[in-house]
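Report on the structure given below.
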Amino acid sequence: MAPAAELRAVAVRVVPLLLLALLAVSAVDVVSAAAAPHKFGINYGQIANNLPHPAQVSGLLQSLNVNRVKLYDADPAVLTAFAGTGVEFIVGNEDLQNLTDARKARAWVAQHVQPFLPGTRITCITVGNEVLSGKDTAAMQNLLPAMQAVHQAVADLGLAGQVNVSTAHSVNILASSYPPSSGAFREELAQYIQPILNFHAEVRSPFLVNAYPFFAYKASPGSVSLPYVLFEPNPGVVDPNTNLTYDNMLYAQIDAVYAAMKAMGHTDLTVRISETGWPSKGDDDEVGATVANAAAYNGNLMKRIAMGQGTPLKPDVPIDVFVFALFNEDMKPGPASERNYGLFYPNGTPVYNLGFNGASFSRSPTFSSSSKPTTTFLMAVVVLLAGFFL
């Protein structure tokens, strides 16, 4: 075969392959551009002795496209590791006694929040966690003053436009939740809840609730429908007062909180679920704590979130959820379920499949502006070779 003919034959084989490579890179570019951050947040608990370094966790969450994280403290290693990522943080402080002191509240915000802004997006501080469902009356009395002191500190430091202040409540602060329209707060807690609701309305911060349908099923598996708590097909439950139909317990709990707030004169607040989840493992008496049920609960919930779905009472207000939790935490006290709420094992592998198989501790590739030189280079090679050979 003559040299020119041989070159043309090579070109016939090579150029199409290069064109395929170019198309592959372009396809990755399109997929990456279309990928949007997940609309759910995730709780990053750290009661464990085997968790990866926060820098690795940052890479993992970026590979998952998760852009909202809730901490139970204000761990500087975590906040530093996420600088520049755009991930939005809720940070916490449970030292209510000290936070009631205006000077100490300001010093804490100045040390643990202000230095990380704006590099790390901190948008909320939670003061205390499930205080009103406990038995510490001193903590209950300190809760609102601590929230007010932290809010004042945020304002004094010029952060009011960036950071709001709230607290997370257990759904057990409700005296009744069925039917949802009859939702009411426990009578003995009214003296604390009413002024807290007024505070939220004044500063325009969300009302945070930790809600776990798992506990209802665990307590009474014979009377609570498993499909109903797992967001799976079921006939649903009709609220006789509103004629609204509920096909899952979490939405019913959210609307029960709205009803309870309305009974206290507030229709101007937004409910966010600051914790919800399902354990993949439990003790022998923890009915329903299985991998299959955890995958169903969290998987179906994430599908609902992706749809932008609201509750029957608030159909135009998409549910706002922080899933519990990122990792299994081996040092948490209590039943086995407490140590098995994680979506991931500490080594970064999924506990079950939620479509996160591509997760990685290394940062995910970015194909936006940085991919253009690669694409341009390949195009140039194709054109050059085509001109040379043909």
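Keep in mind that the numbers below use all heavy atoms, side chains included, and drop hydrogens, waters and symmetry copies. Residue numbers count from 1 along this sequence.
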Original post:
Taking the six-membered ring for Trp, are Phe82 and Phe89 ring centroids under 6.0 Å apart?
Top reply: yes

Subject >> Spacing of Leu208 atom CG and Ser166 atom OG [to the nearest 0.5 Å] >> reply: 3.5 Å

Original post:
Is it true that a side-chain atom of Arg272 and a backbone atom of Ile319 form a donor plus acceptor pair closer than 3.5 Å?
Top reply: no

Side-chain donor-acceptor distances from residues 144-157 under 3.5 Å, at least two apart:
from: Gln152; atom 1: NE2; to: Asp156; atom 2: OD1; distance (Å): 2.8

Original post:
For Met264, does its backbone N or O pair with a side-chain atom of Gln194 as donor and acceptor, under 3.5 Å?
Top reply: yes

Original post:
From Asn353 CG over to Leu343 CG, what is the distance, rounded to the nearest 0.5 angstrom?
Top reply: 11.5 Å

Original post:
Quick check: are there more than 12 heavy atoms from other residues, nucleotides or ligands sitting under 6.0 Å from NZ of Lys332?
Top reply: yes

Original post:
Is the number of heavy atoms from other residues, nucleotides or ligands within 6.0 Å of CG (Asn49) greater than 12?
Top reply: yes

Subject >> Residue from Asp239, Thr311, Asp255 passing side chain to side chain donor-acceptor pair (under 3.5 Å) with Tyr246 >> reply: Asp255

**OP:** Check the surroundings of atom CD in Glu187: do more than 12 heavy atoms from other residues, nucleotides or ligands lie under 6.0 Å from it?
**Re:** no

Subject >> Val323 backbone acceptor or donor facing Asn43 side chain under 3.5 Å >> reply: yes

Original post:
If we only count heavy atoms from C-beta on, is the Thr167 to Leu143 side-chain gap below 4.5 Å?
Top reply: yes

Subject >> Under 3.5 Å: donor-acceptor pair, side chain of Ser182, backbone of Tyr178 >> reply: yes

**OP:** Tell me, please, whether Tyr251 has Arg304 positioned over its six-membered ring: NZ or CZ under 6.0 Å from the ring centre and within 45 degrees of its axis?
**Re:** yes

Original post:
Between CD1 of Ile193 and CG of Leu174, what distance do you get to the nearest 0.5 Å?
Top reply: 8.0 Å

**OP:** Using a strict 4.0 Å threshold on nitrogen-to-oxygen distance, state whether Arg68 and Asp320 make a salt bridge.
**Re:** yes

**OP:** Output all residues satisfying ring-ring contact (aromatic ring centres under 6.0 Å, His included) with Phe324, sequence neighbours left out; order by chain, then residue number.
**Re:** Tyr341

**OP:** Check whether any side-chain N or O of Asp101 sits under 3.5 Å from a backbone N or O of Gln97 as a donor-acceptor pair, and report yes or no.
**Re:** no

Original post:
Looking at CZ of Phe214 and CG of Leu230, how far apart are the two atoms once the value is rounded to the nearest 0.5 Å?
Top reply: 11.0 Å

Original post:
For Gly288, does its backbone N or O pair with a side-chain atom of Asn293 as donor and acceptor, under 3.5 Å?
Top reply: yes

Subject >> Exam field: side chain Glu329 to backbone Ile47, donor-acceptor pair closer than 3.5 Å >> reply: yes

Subject >> CZ-CZ distance between Phe322 and Phe40, expressed to the nearest 0.5 angstrom >> reply: 10.5 Å

Subject >> His169 NE2 to Ser133 OG distance, which is reported to the nearest 0.5 Å >> reply: 9.5 Å

Subject >> CA sep, side-chain torsions, deciding dist, call: Tyr345, Phe327, ring pair (Phe, Tyr, Trp, His ring centres under 6.0 Å) >> reply: CA-CA 6 Å; Tyr345 295 109; Phe327 296 112; 10.0 Å; no

Original post:
Val229, Tyr297: one ILVMFWY side-chain cluster at the under-4.5 Å cut-off?
Top reply: yes

Original post:
Which pairs, with at least one residue in residues 211-223 and sequence neighbours excluded, count as a side chain to side chain donor-acceptor pair (under 3.5 Å)?
Top reply: Tyr212-Glu275, Lys218-Glu286, Ser220-Ser223

**OP:** Without swapping roles, check the side chain of Asn328 against the backbone of Gly342 for a donor-acceptor pair under 3.5 Å.
**Re:** yes

Original post:
Under the 3.5 angstrom rule, does the side chain of Thr242 hit a backbone N or O of Leu244 as a donor-acceptor pair?
Top reply: yes

Subject >> Donor-acceptor pair, side chain of Thr270 and main chain of Pro206, under 3.5 angstrom >> reply: no

**OP:** Give a yes or no on this: more than 12 heavy atoms of other residues, nucleotides or ligands lie within 6.0 Å of atom NZ of Lys314.
**Re:** yes

Original post:
Is the distance between the ring centroids of His266 and Phe207 less than 6.0 Å?
Top reply: no

